[in-house]
2 protein chains.
Amino acid sequence: MNDLRETAEMLKVVSHPARLEILQKLETDVLCVSDIEDILGVGQSNVSQHLSLLRRAGLVDCYMDGKLRCYFLKDPRALDIIGLIKKKYDGPLPSPACCPVRPGAKSSRSAD
Amino acid sequence: MNDLRETAEMLKVVSHPARLEILQKLETDVLCVSDIEDILGVGQSNVSQHLSLLRRAGLVDCYMDGKLRCYFLKDPRALDIIGLIKKKYDGPLPSPACCPVRPGAKSSRSAD
DNA sequence: TCATCATATTATAATATTATTATATGTGAC
DNA sequence: GTCACATATAATAATATTATAATATGATGA
């Protein structure tokens, strides 16, 4: 049951707008560091640090192309994470049927 | 394109083993704080803090049942997050086809 | 009302994350 | 080799997260 800790760790790595955007861009393109720098508009070393986190977590990998380090998606979980960004959900989940009280109510007996 | 920031925020909230476990348990049961205390084996105020985070993020909600606060899942995204915990993935994603070099290689020309 | 149970909130210290700056490493061209 | 470019790493200060302990709130029942 250490899936919990492992999943939480992966989620922590992706729970940053910059890293999420990196994953999103890598879904369709292979990008080098300076590409990502331009896309995100953040400093080189910061990009490098984000990539380092993603790489240590196994979410991305890279190959060398001349002087360039070309990053690409590696972990299939990344696709599911990216999917969350654009997915359309309709409304909240239904309230539990068994013990029905208005959600958020101050008390189960307060007046209607 | 603020989906990124919003999704990242949601992910940050769920990227903690205790909160992930809370969501997982709430998938099948409505639970009060002391239930969760027992399940997770952590202190009351810590559970309350985790629930507070989840509630502010809109992931869960609760109703009163006598003295008890009964928590349940509210945000459908929670189900997708829970799904990640047990989902089976087979192997890494295929390497990019266009610029194929061995992933992680020191150089695109290093010896085999 | 008061006492009690269940939960929330506050305060706090330890730790982790973040962005920035400066510096180091590695690669290819010459 | 040296140079310039692309990227990584280290150092650091600001900020955020975490767990714990202490206290406060709110509901129920006597």
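Proteins get letters first, then strands, A, B, ... in listed order; numbering begins at 1 in each.
Atom CE of B/Met64 and atom CZ of B/Arg69 lie 5.0 Å apart (nearest 0.5 Å). Rounded to the nearest 0.5 Å, atoms CG (B/Leu40) and CD (B/Glu21) are 5.0 Å apart.
In this structure, the side chain of B/Asp35 engages the main chain of B/Cys32 through a donor-acceptor pair within 3.5 Å.
When each of B/Leu23, B/Asp75, B/Leu73 is tested with B/Leu54 by the rule side chain to side chain contact (heavy atoms under 4.5 Å, CB included), just one qualifies, namely B/Leu23. Partner of A/Val60 under the side chain to side chain contact (heavy atoms under 4.5 Å, CB included) criterion, chosen from A/Arg19, A/His50, A/Arg55: A/Arg55.
Across the protein-nucleic acid pair, B/Tyr63 atom OH and D/dA27 atom C1' stand 16 Å apart, rounded to whole Å. If you measure from atom CD of A/Glu9 to atom P of C/dA16, you get 12 Å, rounded to the nearest angstrom. Straight-line distance from the CG atom of A/Leu31 to the P atom of D/dA6: 15 Å, rounded to whole Å. Atom CE in A/Met64 sits about 8 Å away from atom C1' in D/dT7, given to the nearest Å. One can place CD1 of A/Ile36 at 15 Å from P of C/dA19, the figure rounded to the nearest angstrom. Following rounding to the nearest Å, A/Arg5 (CZ) and D/dT18 (C1') show an atom-to-atom distance of 13 Å.
Counting heavy atoms from C-beta outward, B/Thr7 and A/Ile81 have side chains that stay 4.5 Å or more apart.
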Using a 4.0 Å heavy-atom cut-off, write out nucleotides 1-9 of chain C from 5' to 3' as B (base contacted by protein), S (sugar-phosphate only) or - (no contact). ----BSBBB
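Taking 4.0 angstrom as the limit, B/His50 places none of its side-chain polar atoms (N or O) nearer than this to OP1 or OP2 of D/dT18.
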